[in-house]
Number of protein chains: 2
Amino acid sequence: ILRVEDVHKYYELGETRVHALRGINVSVESGGFVAIMGASGSGKSTFMNILGCLDRPTSGRYLLEGIDVSGRTKHELAGIRNSKLGFVFQGFNLLPRTTALENVQLPTLYTAINAIERQKRAREALALVGLAERSQHYPSQLSGGQQQRVALARALVNHPSILLADEPTGNLDSRTAVEIMEVLQDLNEQGLTIVLVTHEPDIAQFAKRMIVFRDGKIRKDDALHDR
Amino acid sequence: ILRVEDVHKYYELGETRVHALRGINVSVESGGFVAIMGASGSGKSTFMNILGCLDRPTSGRYLLEGIDVSGRTKHELAGIRNSKLGFVFQGFNLLPRTTALENVQLPTLYTAINAIERQKRAREALALVGLAERSQHYPSQLSGGQQQRVALARALVNHPSILLADEPTGNLDSRTAVEIMEVLQDLNEQGLTIVLVTHEPDIAQFAKRMIVFRDGKIRKDDALHDR
Ligand SMILES: Nc1ncnc2c1ncn2[C@@H]1O[C@H](COP(=O)(O)OP(=O)(O)OP(=O)(O)O)[C@@H](O)[C@H]1O
Ligand SMILES: Nc1ncnc2c1ncn2[C@@H]1O[C@H](COP(=O)(O)OP(=O)(O)OP(=O)(O)O)[C@@H](O)[C@H]1O
Ligand SMILES: [Mg+2]
Ligand SMILES: [Mg+2]
């Protein structure tokens, strides 16, 4: 469902150039569940942003459901992103002046569903992450872990076929993190393809496959069997 | 050095009221190293914000170096905060349009040191967290873990006597996290009092004492001996 071929990413910074991705080759099949790990600065978020069509590779190819997204316009990329992908950012990216419920609804505003269905889905997504009771709270009225879960609910509200989650449990205590991972496992068993970044080996074990990045390259790519 | 007596914190939210802290009693001696753990929403950040004079308890007393800070003006609180405390926020709070070096210098702007000393200290603090080479980069040009380390450097730049760090390693890979914790252990052995929040038991083990929060109360408070 996702295929990345010889992707390089350079960030140009005045006189310096950061070679963040150095020839990445990865395929993820429909229904896959991949955990990505690696050192700080090794290229994980850069890779995730490309998978999520939020950025472009400097060179290489990216095929999403067989479509080469390299040649797409920004408008087409936004359409692909909204209809297929759910994304959890490392920094959550919640709108500070909107409630949890409104934040979760945001991706639905770009679809053709009506207001009643929109709210219903947002409430279901908040309930899925254990925050049904906090729908009217603003991000500043929520703990770090609660905000993170709102971000996850927002990523799931359009029932995407692919979830890209950059550190979805970093601010959660172990028990809440396990609860969230069990929700994701259930969704994966129903067909959701999941690619997540985590620094926690315990969290990675919920996945079916682990990819380890190092200095912009993939260093390991193994199936996980005892979960 | 820090003493909290029967502190309660209520957040008023229209018709609801969140009882975030429910009678907290804690003392931390000079040179102490405390790790705070607990479930998402259990009151850790609320407690840290009170310790850091960023918020006030609804009731109870807070003595900081023998001074009852409850009765202080905002101006006096800001002065106490800037001269004694270093704070790492759960969400980093870096200024997006300023470089890493400028972000780290921010707390020094409120002191009487000159520009040369100011830059020297900021560079030393960045070197301490392994980011000497990235001083001219903006937060958007840094990975999540790199931003977190800039936030830690900023907390240390004024050589505070107390460091309050809310999840200082949540976005770091294990190896970088251990390096950071060793830096903090060294600083603690030189006299820095440290209170840190973490969800990672491995990180907590670097401390000398662990406090566990649950539903706004302290449930455990034990010295740690095998570190
Ligand atoms: N917008 C940008 N401009 C310039 N450099 C960047 C940018 N984004 C990331 N980088 C650099 O590219 C490299 C890879 O960054 P990336 O965010 O992908 O790392 P990461 O693996 O996600 O790290 P972390 O675990 O700390 O989140 C790092 O050296 C980072 O500083
Ligand atoms: N500014 C606020 N206004 C209203 N409620 C708040 C506010 N800040 C926190 N709360 C609520 O108070 C409770 C405790 O929050 P706190 O941020 O202290 O938790 P935490 O232990 O830090 O959680 P996490 O591990 O998720 O960061 C939570 O229910 C939270 O939603
Ligand atoms: Mg990252
Ligand atoms: Mg918190």
Side-chain angles (χ1 to χ4, degrees), chain A residues 11-16 18 20 37-46 48-49 89-94 96 99 129-131 133-134 136-149 166-167 169-177 179-180 197-203 212-214, chain B residues 11-16 18 20 37-46 48-49 89-94 96 99 129-131 133-134 136-149 166-167 169-177 179-180 197-203 212-214:
Chain A
Y11 292 108
E12 307 288 344
L13 298 169
E15 295 179 2
T16 56
V18 176
M37 299 189 76
S40 179
S42 58
K44 303 178 301 295
S45 292
T46 300
M48 290 293 264
N49 285 338
F89 294 88
Q90 200 169 6
F92 317 159
N93 280 17
L94 299 178
T99 64
V129 298
L131 285 175
E133 311 288 320
R134 309 302 289 276
Q136 295 307 314
H137 293 187
Y138 292 85
S140 64
Q141 296 166 326
L142 298 171
S143 78
Q146 289 163 343
Q147 290 179 51
Q148 197 164 42
R149 287 184 273 156
D166 199 344
E167 294 278 5
T169 59
N171 281 278
L172 301 182
D173 62 281
S174 297
R175 180 145 97 192
T176 308
E179 289 170 3
I180 293 300
V197 172
T198 181
H199 285 297
E200 299 164 85
D202 295 352
I203 294 302
V212 179
F213 272 64
R214 185 171 179 187
Chain B
Y11 292 107
E12 306 290 343
L13 298 169
E15 294 178 3
T16 56
V18 176
M37 299 188 76
S40 179
S42 59
K44 303 177 302 292
S45 293
T46 300
M48 290 291 265
N49 284 337
F89 294 87
Q90 199 168 4
F92 317 160
N93 281 16
L94 300 178
T99 65
V129 300
L131 285 177
E133 311 286 315
R134 308 303 287 276
Q136 295 306 311
H137 293 186
Y138 293 84
S140 63
Q141 298 167 324
L142 298 170
S143 77
Q146 289 162 342
Q147 290 180 50
Q148 197 165 42
R149 287 185 273 157
D166 198 344
E167 294 277 11
T169 60
N171 280 275
L172 302 182
D173 62 280
S174 297
R175 180 147 93 187
T176 308
E179 289 171 4
I180 293 299
V197 172
T198 182
H199 284 296
E200 301 165 84
D202 295 351
I203 295 301
V212 179
F213 272 62
R214 187 173 180 184

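The figures that follow rest on heavy atoms only: side chains count, while hydrogens, waters and symmetry mates do not. Naming: A, B, ... by sequence-line order, numbering from 1 per chain.
Under the side chain to side chain contact (heavy atoms under 4.5 Å, CB included) criterion, Q90(A) pairs with S45(A), D166(A), E167(A), N171(B), sequence neighbours left out. Scored by the side chain to side chain contact (heavy atoms under 4.5 Å, CB included) test, D173(A) finds R175(A), T176(A), A39(B), S40(B), H199(B) as partners (sequence neighbours excluded).
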As a quick check of understanding, evaluate side chain to side chain contact (heavy atoms under 4.5 Å, CB included) for T16(B) and R134(A), giving each step before the final call. CA-CA 11 Å; T16(B) 56; R134(A) 309 302 289 276; over 6 Å; no
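Heavy-atom pairs under 4.5 Å with chain A peak, among E200(B), Q147(B), Q141(B), Q148(B), at Q141(B).
When heavy atoms are compared at a cutoff of 4.5 Å, V197(A) does not approach chain B at all.
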